[in-house]
2 protein chains.
Amino acid sequence: MSTVKGIKQVPITIAERVFDSLCQAIVTGKIPAGSKISEPELAKYYEVSRASLRDAIGRLEACNLVIRRPNVGASVVSLSDEELLEIYTVREALEGMAARQAAEHMNEKELDELQSLLEMESQANSNDINSDFHYGIVIGCKNNRLKRLLCDDLYHLMRMYRYQLGRESGRTSSASKEHGLIMDALLDRDGEMAELLMRRHIRKSRKHIEMLLINKAS
Amino acid sequence: MSTVKGIKQVPITIAERVFDSLCQAIVTGKIPAGSKISEPELAKYYEVSRASLRDAIGRLEACNLVIRRPNVGASVVSLSDEELLEIYTVREALEGMAARQAAEHMNEKELDELQSLLEMESQANSNDINSDFHYGIVIGCKNNRLKRLLCDDLYHLMRMYRYQLGRESGRTSSASKEHGLIMDALLDRDGEMAELLMRRHIRKSRKHIEMLLINKAS
DNA sequence: ATTGAAAGTATTGTCGACAATATGTGTTGA
DNA sequence: TCAACACATATTGTCGACAATACTTTCAAT
C-alpha cells in the first residue's frame with residue numbers, strides 16, 4: 001500500500017516495505033496500542049538498518065499510527081475513548097462532503113459497482129475495508145485532497161480500531177439500511193441529501209460506539 | 001513551530017530546526033513552488049548532514065509541502081487551480097465542523113479574545129495567520145484530531161498560497177462582515193448556525209478565488 | 001539529422017559508527 | 001525510609017561513506 005494518494009502502491013524502497021509491514025502489524029494489533037517502538041529491536045527483526053527503519057517510523061507518524069517524542073522515541077498510538085469519538089466527528093464532516101461530491105461526480109459505472117458492492121455487503125460481512133461502501137464513496141468524490149486526508153491520515157487509524165473493537169458489534173442491519181438510503185441519494189444525484197444522510201449515518205455509528213464504550217467501562 | 005498538534009513547539013532536534021526553516025522558506029516562496037529539492041545542496045547550506053535534512057524533508061512531506069518520489073527526490077508542491085479549489089472544499093467541511101464545535105465548547109474568555117481579535121482585524125490587516133479569526137475558531141473547537149488535520153495538514157499549504165495569491169485581494173470588507181455573523185453565532189452558542197455560516201463564508205472565498213484564477217488566466 | 005545505446009555523472013537510498021540524550025541503578029545523606 | 005545525586009546503561013540523533021538508481025552526455029548507426 002505505502003500511503004500515497006490513498007491508492008495502494010507497490011513499495012519501492014526498503015523504508016516503504018518496512019512501513020507497510022509495520023503498518024499491518026500495528027493495525028492488526030500484533031504490535032499492541034501504546035507499546036514502545038524499539039528501533040534497534042525492529043531493525044534487527046526486519047534485517048534493515050536503523051536509517052531505513054527510522055524512515056518507516058516517520059511515515060507511520062505521518063499517518064498517525066505512532067507518536068514520536070524527540071530523544072525519547074516512538075510509541076504506537078493509543079486512543080482514549082474521547083479521541084476515538086473525535087475521529088467520528090471528523091469523519092462526519094469529511095465523509096459527508098465526500099458523499100456530496102460523489103453524488104455530483106461519480107460516473108454510471110462507478111455507481112453500478114458501488115451498488116453491487118452494497119448487495120454483497122448485506123451477506124458477506126467482509127472485513128476488507130478496501131472493498132467497503134465508505135471507501136467506495138471516498139474514491140468516487142474525485143477530490144484528491146479529500147481522498148488523501150481520509151485515506152492517508154484517518155484510514156489506518158480507523159482500520160486499527162475497527163480491528164480492536166470488532167467492527168461495531170451488532171449494528172450491521174441498520175447500518176446496511178442507512179447505506180441503502182445513501183446509495184439512493186447518489187443515484188438521484190442529490191448531493192445535499194447524500195451529505196445529510198452520510199452525516200446522520202456516521203453520527204449514529206458514533207452514538208453506537210459511545211454506548212459500547214460506556215458498557216465496556218463497567 | 002515544528003508541526004505537532006498544531007501548537008507551535010520549540011524545535012529540539014536538528015531535523016526539527018531545519019524543518020522549520022524549510023517550511024518558512026517554502027511558504028514565503030523563497031524556495032519556489034514546483035522547484036526540486038536538492039539534498040546535497042541544502043545540507044551544505046544549512047550545515048547539517050543529509051540524514052537530518054532527509055528527516056526534515058519527510059516532515060515536509062507529511063504536511064503536504066513537498067512531494068517525494070522514490071529514487072528521484074522531493075519537489076516543492078505546486079497546486080493546479082483545481083487542486084487549490086479542492087482545499088477550499090475540504091476547509092468548508094472541516095472548518096464548518098470546527099465552528100459548530102467551537103460554539104459548543106469555547107469558554108467565555110476565549111470568546112472574548114476572539115471578539116477582540118475580530119475588532120483588530122478590521123483595521124490592522126495583519127498577515128500573521130496565527131492571530132487570525134479562522135485559526136482562533138479551530139483552536140476553540142477542542143477537538144484535537146480536527147485541530148491537527150487543519151493545522152498540520154492544511155495550514156502550511158494555505159499559508160503558502162495565501163502568500164502567493166496575496167490574501168484574497170479585495171474581499172476583506174465582506175469577509176469581515178461574515179466573520180462578524182459567525183462570531184454572533186458563537187456567542188449565541190448556536191453550533192448549527194455557526195457551521196452554516198462558516199461553510200457559506202468559505203464557499204464565498206472559494207468563489208472569489210475561482211474568479212481571480214479565471215481572470216489571471218487571461 | 002535524428003534516434004538509440006552506452007558510458008559517465010550526479011542524486012538518492014542504505015549502512016555502520018559515533019555523539020548526545022534519556023533511562024535505570026546504586027549510593028549517600030538527611 | 002526516603003530523597004537526591006552520581007554513575008552506568010541503553011536508546012535516539014547525527015554523521016560520513018558506500019551502494020543503487022536516475023539523469024546527462026557522448027557517440028554511433030540508420
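What you are looking at is a predicted structure, and each value in this text was computed from that prediction instead of being measured. All chains are named by letter (A, B, ...) in the order of the sequence lines, taking the proteins before the strands, and each is independently numbered beginning at 1.
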Drop me the distance from E39(A)'s CD to S49(A)'s OG, to the nearest 0.5 angstrom. 10.5 Å

From CG (D153(B)) to SG (C63(B)), nearest 0.5 Å: 8.0 Å

Taking atom [atom2] of [N] as reference, at what distance in whole Å does atom [atom1] of [X] sit?
X: F19(B); N: dT14(D); atom1: CZ; atom2: C1'; result: 19 Å
X: D55(A); N: dC15(C); atom1: CG; atom2: P; result: 11 Å
X: E16(A); N: dT14(C); atom1: CD; atom2: C1'; result: 14 Å
X: I14(B); N: dA20(C); atom1: CD1; atom2: C1'; result: 10 Å
X: I57(B); N: dT11(C); atom1: CD1; atom2: P; result: 13 Å
X: R68(A); N: dA22(C); atom1: CZ; atom2: C1'; result: 16 Å

Within-4.5 Å side-chain heavy-atom neighbours: [X] and [Y]:
X: M97(B); Y: R199(B); answer: no
X: L94(B); Y: L154(B); answer: yes
X: L65(A); Y: C23(A); answer: yes

How does each nucleotide of nucleotides 20-25 of chain D score, in 5' to 3' order, for protein heavy atoms under 4.0 Å: base (B), sugar-phosphate only (S), or none (-)? -SSS--

Give me the atom names and distance for the closest heavy-atom approach of [X] to [Y].
X: A194(A); Y: L186(A); value: CB-CD2, 4.1 Å
X: V77(B); Y: N64(B); value: CG1-O, 3.7 Å
X: A99(B); Y: M198(B); value: CB-CB, 3.8 Å

The correct list of stems in which DNA chain D takes part (3 or more consecutive Watson-Crick or G-U pairs, distances under 3.5 Å) is C:1-30 with D:1-30

R69(A)/E61(A) ion pair, N-O < 4.0 Å: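 No salt bridge links R69(A) with E61(A).
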
So, does K36(A) get its side chain near the phosphate of dT23(C), meaning an N or O under 4.0 Å from OP1 or OP2? no

Look at the side chain of R59(B) and the backbone N and O of A62(A), then say whether any donor-acceptor pair between them is shorter than 3.5 Å. no

Could you identify which residues of residues 38-54 of chain B place a heavy atom less than 4.0 Å from some atom of DNA chain C, listed by residue number, or say none? E39(B), P40(B), R50(B), R54(B)

So which of E95(A), E210(A), E92(A) actually passes salt bridge (Lys or Arg N to Asp or Glu O under 4.0 Å) with R203(A)? E92(A)

